[in-house]
Number of protein chains: 4
Amino acid sequence: MPKIVNHEKMRSEIARKAIALLAKKGFQATTIQDIANAAGVGKGTIYHYFRTKEEILLVVSNELFYEMERSFGAALLRIDDPLDKMAALIEEAMHVNEDVENIFIVYTELWLINVHSHKYQDFVGVIKKMHHDLTALVSNMIDAGKNRGRWDRDTDSQALACYLVSSFDGVIAHYMIDKEKIDIKKVTKEFIRFLLQRGAPRK
Amino acid sequence: MPKIVNHEKMRSEIARKAIALLAKKGFQATTIQDIANAAGVGKGTIYHYFRTKEEILLVVSNELFYEMERSFGAALLRIDDPLDKMAALIEEAMHVNEDVENIFIVYTELWLINVHSHKYQDFVGVIKKMHHDLTALVSNMIDAGKNRGRWDRDTDSQALACYLVSSFDGVIAHYMIDKEKIDIKKVTKEFIRFLLQRGAPRK
Amino acid sequence: MPKIVNHEKMRSEIARKAIALLAKKGFQATTIQDIANAAGVGKGTIYHYFRTKEEILLVVSNELFYEMERSFGAALLRIDDPLDKMAALIEEAMHVNEDVENIFIVYTELWLINVHSHKYQDFVGVIKKMHHDLTALVSNMIDAGKNRGRWDRDTDSQALACYLVSSFDGVIAHYMIDKEKIDIKKVTKEFIRFLLQRGAPRK
Amino acid sequence: MPKIVNHEKMRSEIARKAIALLAKKGFQATTIQDIANAAGVGKGTIYHYFRTKEEILLVVSNELFYEMERSFGAALLRIDDPLDKMAALIEEAMHVNEDVENIFIVYTELWLINVHSHKYQDFVGVIKKMHHDLTALVSNMIDAGKNRGRWDRDTDSQALACYLVSSFDGVIAHYMIDKEKIDIKKVTKEFIRFLLQRGAPRK
DNA sequence: TATGAATGAGCTTTCATTCAT
DNA sequence: AATGAATGAAAGCTCATTCAT
């Protein structure tokens, strides 16, 4: 009698366990054997759940999406003021720990794979979606700020939001390779201060 | 007597020709044979100029550095006003064409390789140096702005400069995978407008 | 469940089949593909059983050891008189056939490899061990001869045994490259006669 | 005007300088570049004096022959008594220093190459010739001993001489891989003592 | 003559994937 | 369903040899 397993659950289980490996060694350098070991199954078993090595990445990218959505959602739940919310979002986005670094690394590799081979559009779907959602969120915050007279009315909310959301990744990337020189907390604080200067908007 | 060649020149020649390949396929997927073909020499010849495949990357990263330094230098030469200079720098940094994309891709891969294996610190040396130089530049611009009474004196120039310079990469990265949705020109313009407005000192 | 194989058995199987190849072509000239072909498996399969090409040699050297031990052991089992035993040992040591030649060739190459690179001490471990065991054996035979008044009492058994055992290899080596000129049977017989001259010891 | 060089002299010059290299690393592991470096010429120059890498070995083997002939000749010049001469020859043959080891190693590799590929008969020509000459020499010594009543007349001089001469190489080979355990001086002395005692005629 | 730049055949080794058990 | 033994394509790298200078 066949063992009863939830196929989909097993896929995300394996994918989730692969993330740390992928972050540490990169996709190419991570072998199927590595992934099987990390998942505690045999090498052949992996092929019951994924047709190819690349398919694992696909599922990994979904896992990343849920992971990040959860983390951002939690951060924004209980704040009302739009500008406070924006500050909280930035703080959250810039809060880097080991898990975040792992996600960021894999996510960068997905970006690269996509850039190298446009046939794998799926890989960056999650990045694009995340970026889109966050941009909408920030844009709404800015609009809310405008409505409450707390933000300059001639700002193009969409464009600025896009810039802001995009900028996070640049800061994290640089921080990750030069932790000694870059004080990300200070940079974040200064940026928030600059962004939300009281007295804004100008006349 | 054997053919006389300039060893160093040949190295950068080959490295330069490899950049497009690396951008298109990635380091791992680019074979020595590919690079040899691109350089129009035999596979073995590559090993006269580079001891290992990785050494090619090292030289490539230097070439990237010169390439970028040149492009930024040119952009800033003839502008006097510090804030105009800052705007010009941002415009330049955000000016993406095929060459810039290639450089950005390779540079991202160098970032990844470094993150995966810290033993190749050299690979990100150029990234760190570039980031450091640009941050100093922008920081000086902000300070100059302060001195001329054109910029808010409370700003932490270093921290804000670090943010700005880092942000470029984030924006470019997102633009590159979602060109249809992101109008980088508009985003850049809006950001510059926002920056100069916010930076201006309060009355 | 995967095919069940006895890993250790497969290793010696492959090693054993490799011996003839190594004897015929030498270690360097024998490719992994050759060994795989001889073993009737794919090239990759070899690497399931050996981490490197050199590891094959290691196992080969062990196989040689067992091979030789067996052959000597059998020769000495049923002889009681120590001097007769010594004669039998010499006859056995000098009994050269194709298998012995193969072993001798590989064993010479192991010697060379060790001399070239002392880091592979393991390779000659079997040679040293075999030499040591045989020397002890012969030394005991001489001592037994002494005790029975059949051998000169002031002989240094150890030293002489060492010489005798070592000399075998020299004789075989010369025989193997000049079979037409060297009548190994006659040389062996004459040497045994000389060694065991009746009437010994002298007064 | 072409530089005047003595072609044959250059060949032996290069070959002579290659011996130490070959002894240290082995023929395969010694590159043409290594040999060129050791000879202080360019890699291409080697090919003015040797058609192939193997041809270098051929000349090396001749150099070895002269080297050895010279060393044996000198040792035997001034001794009259045949048995003393035999003892002196054995002492000389067993006198191992760095040069002798190098020669022995290369000579062993020549042996191996010949065994692997009988088409290179030339390589062992020197070994065979040396062995033949020495055997004749020793055989003559034994005969001379017989004639003077100092050696057992039943001995087959040829066969025993062949054994003796062959045995040297076996002893040296074992000594070289187990110098700590084997006291070659003692072994040699004991063997000479044994030999001369046994060889002496019965009353 | 002397040189070393250029070459590509050929090697070891890795690893995604298949498949018999 | 689960496994790991088997496989061979593919890649980096070495080096004897050639040849233009």
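Values below: all heavy atoms of this structure, side chains included; hydrogens, waters and symmetry mates excluded. The sequence lines fix the lettering, A, B, ..., with proteins before strands; numbering per chain opens at 1.
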Exercise for the section: Would you kindly check whether a donor in the side chain of K43(B) faces an acceptor in the base of dT7(E), or vice versa, at under 3.5 angstrom? Expected result: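 Between dT7(E) and K43(B), which were checked side chain against base, a qualifying N/O pair under 3.5 Å is absent.
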
Problem - Base dA5(E) to side chain H48(B), donor-acceptor N/O within 3.5 Å cut-off - result: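 Not at all, since no donor on one side and acceptor on the other fall under 3.5 Å apart.
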
Problem - Heavy-atom side-chain proximity of I19(B) to E67(B) below 4.5 angstrom - result: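 When only atoms from C-beta onward are counted, E67(B) and I19(B) do not touch, as no gap falls below 4.5 Å.
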
Check the distance between [N]'s [atom2] and [X]'s [atom1] and give it to me in whole angstrom.
X      : N       : atom1 : atom2 : answer
I4(C)  : dA5(F)  : CD1   : P     : 10 Å
I35(A) : dG4(F)  : CD1   : P     : 16 Å
H7(D)  : dT1(E)  : NE2   : C1'   : 11 Å
F27(B) : dG12(F) : CZ    : P     : 8 Å
Q28(B) : dA9(F)  : CD    : P     : 21 Å

Handout entry: CA sep, side-chain torsions, deciding dist, call: W111(C), F27(C), ring-ring contact (aromatic ring centres under 6.0 Å, His included)
Key = CA-CA 12 Å; W111(C) 183 93; F27(C) 180 65; over 10 Å; no

Practice task
Check DNA chain E against residues 52-59 of chain A and give the residues with a non-hydrogen atom under 4.0 Å, in numerical order.
Solution key: T52(A), K53(A)

Problem - N37(D)-Q33(D) side chain donor-acceptor pair, cut-off 3.5 Å - result: yes

At under 4.0 Å between heavy atoms, what does [X] touch on the DNA or RNA strands: base, sugar-phosphate, or nothing?
X      : answer
G42(C) : sugar-phosphate
F50(D) : nothing
T45(C) : base

